[in-house]
Amino acid sequence: MPPPLPPKPLQPNRASLSFLFLFLLSLVLYVSLSPSRNTPSPSSSSSRNARADSLNAPHRLFLSLHPGANATIAAHLRALTLRPHLAGTPAAARTASYVISHLRAAGLPVSLADYYPLLSYPASASLALLRPDGALVKLLPLAEPADLEAAAVPPYHAYSPSGSAVAPPVYVNYGREVDYSALDRLGVDVSGCVAVVRRGGGYRGAVVARAAARGVAAVLMFKAADHGGVERGTVLLGGVGDPLTPGWAAPNTAAADGGGERLAADDEEVRRRFPKIPSMPVAEVVAMEILRTLGGPPMPRGWGEALPSAGKSGVGPGPTLVNFTYQEDRKLAKIQNVFGIIRGSQEPDRYIILGNHRDAWTFGAVDPNSGTAALLDVARRYGSLLRSGWRPRRTIILCSWDAEEFGMIGSTEWVEQNLGRLSSKAVVYLNVDCAVQGDGFFASATPQLDKLIVEVTKQIQDPDFEARTVYESWIVNNGGISKIERLSRADSDFSAFLHLAGVPSVDFYYGDVFPGYHTVFDSYKWMIEHGDPSFHRHVAKIWGLLGLRLADDLVLPFDYPSYSAQLHEHATALSALLDGGGSVLVQPINSSIDELTAAIREAVEESKKLQEVDTTEDFAALRRHAFNDRLMLAERGFLEAEGLKGRPCFRHLLYSPPEDSESKLSFFPGIADAISQARKHSGEEEQLGIQHEIWRVARAIQRAAAALRGELI
């Protein structure tokens, strides 16, 4: 069993708390009323006043606790990134100890959860370029050119199987289906070859699986304009979490004769989680050495873009050969999740969960420890509120996950272990992975949280423009709209919460693209020179205020009309995608959306009434509690117990990732997969498969409507 929530902490002396609170409040008022050295414009002043007026006292105090915050975040990031800390290594244990000590310093009780999942490390690898007769031309390095001191783990793909190949290389561009079709038209047969793949064709595991399906013997993957950095990553297939314990938590011991059940490594359910062929990330200079030797048909237009040294080469195969070998080291390794807990005063069994992972492929200054530093700053601010006498209405749990980089393993094992409790008690999950990788705010969420994100970003000053809020800059950067993506991907720790447990979720960050992703360039040096030199973008205020609103609001700030509008857009897009008769096929979904929309209208009216009644009346409190539970549980309606076909860890029928990473649908994953199958094997059975998935989605939406109404049927 997971460790229980800690007992209620001892309370400080009330007189001292009152004095401290009055002192802090007067300090806040003094600062807010004092004239600024740079007199703000009337518009910016009124904007700040409006933001302040919409916040209650604890929330204003949370935002005012900023003296030294930037320096504190910088110090956290510096300490966390002194050395690489790959999950399952001694360095990873040191970062866990750092987080534990600072959560305790903030005054939060700490709880731990240990697991021993199957992790994957490199044992040895080699690569050589050969003449057609097999004679050696050149040994090619597999080290990362930018890692001069070999500080980080050598570049590799976690869970790539051991293997070797002596075969002609062939260039397959991004390794997408459209790329293989182009090679087919050129008469190029890739079977038995070593595919040289340019990064950017979607999830690397799917790229390797697609190559294996074409008969490729091995994959070498490079990134254009890598500046000497080589991108590590996982190629785990078919879901998230420990491959040996699908659907239940990994044991907390490595002992074979105790601690819990594990599947055997040769079990079919385990084997399908791993690619069938070996793969390896290589530096761009190494890939160019190979591509320059290729003959065969010339590259199709666009394939040589940004590859000036190989743009006039052919696609192969050959005439040269490559000799590639890789030996993997798979083993059970200890990982540790860390939790800081603030018990709710009135609804302690309702959980507001904030999470970030701690492990990194290299130094991790962006991914993920910009988020870890922000999490510790949120903890510091929450701790200050606790010392002022505040207690949240609902319980807040701050989570520091381990082994995310291997496939969201730490968070998934914890969700699997606590699935029953989370299904009935988890209100929301707020995820931050890479808090900062540049400028500009980006957010993804389940739709009922859209309005809250907008409200919170309207209340926080933009870190780069004093006269704007985060929301105002967000609007400017996105052409007049606050663009919020959906979470139909499985690339961070929200996956198990949303896709398996049906918990409403958010993921957000600053900066669009980070060029040093999973390379040694992900360092403190890069952050202070490029990412956030002043350490003022690290999202702690947005993250913490979202948590406070969700923990303290009498009625949960969920806006389901946003969900209804989004589903109507999805249904329209699906109808347009389907061939003739699409509107008829989608009718069950449209009818269910109408039913959900009616339930939402009723809920909106009920919410208005509940916010007007006496907050001290016991019966009113019970009514609000029951109504909040309906808001919380509506998302669970979109789950299907058996999950998507062949992928039981993905149970959310609206926003799980489709199996086909090239699908044109970023929603309704079961329907997306059925459409992909129908395009490969057009027949009556495939068309019936599409219709079946449409009905599954329609029933899921009906379940959500019933949950929102509080009805059994």
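Remark: of the listed residues W543, F441, F442, F442 is the sole one forming a ring pair (Phe, Tyr, Trp, His ring centres under 6.0 Å) with Y509. Just one residue in the list K680, R176, R210 forms a salt bridge (charged side-chain N to carboxylate O under 4.0 Å, His left out) with E662, and that residue is R210.
Side-chain atoms of Q437 and S370 form no donor-acceptor pair, as typed in the model, at a separation below 3.5 Å. One side chain, S400 or R358, offers a donor N or O that lies under 3.5 Å from an acceptor on the other.
At most 12 heavy atoms of other shown residues, nucleotides or ligands fall within 6.0 angstrom of atom CD in E684. No more than 12 heavy atoms of other residues, nucleotides or ligands sit less than 6.0 Å from atom CD of E685.
Of all heavy-atom pairs spanning D559 and S562, the tightest one is OD2-OG, 2.6 Å. Of all heavy-atom pairs spanning S656 and H652, the tightest one is OG-O, 2.8 Å. Looking at every heavy atom in both residues, M408 comes nearest to D491 through SD-C, 3.9 Å. Scanning all heavy atoms of the two residues, the minimum distance from R393 to A551 falls at CB-O, 3.1 Å. Between R350 and R394, the closest heavy-atom pair is O-CB, 3.5 Å.
Electrostatic pairing of E693 and R696 counts as a salt bridge here, judged by a charged N lying under 4.0 Å from a carboxylate O. The pair D267-R273 does not meet the salt-bridge criterion, since no charged nitrogen lies less than 4.0 angstrom from a carboxylate oxygen. Contact check on E606 versus K609 returns no salt bridge, with no Lys/Arg side-chain nitrogen under 4.0 Å from an Asp/Glu carboxylate oxygen.
In this structure, the ring of Y351 has its center no less than 6.0 angstrom from the ring center of Y429. For an aromatic pair to be called close, the ring centres must be under 6.0 Å apart, and W414 with F339 satisfies this. Between F494 and Y655, a ring centre-to-centre spacing not shorter than 6.0 Å is recorded.
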>> Determine whether E177 and R679 satisfy the following criterion, salt bridge (charged side-chain N to carboxylate O under 4.0 Å, His left out), listing intermediate values before the conclusion.
In response: CA-CA 12 Å; E177 284 296 340; R679 287 179 175 168; over 6 Å; no
>> Under the criterion side-chain contact (heavy atoms from CB on, under 4.5 Å), I'd like the reasoning laid out for F497 against L487: C-alpha separation, chi angles, the key distance, then a yes or no.
In response: CA-CA 11 Å; F497 284 93; L487 294 168; over 6 Å; no
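Taking CG of L63 as the start and CZ of R381 as the end, the distance is 7.0 Å to the nearest 0.5 Å.
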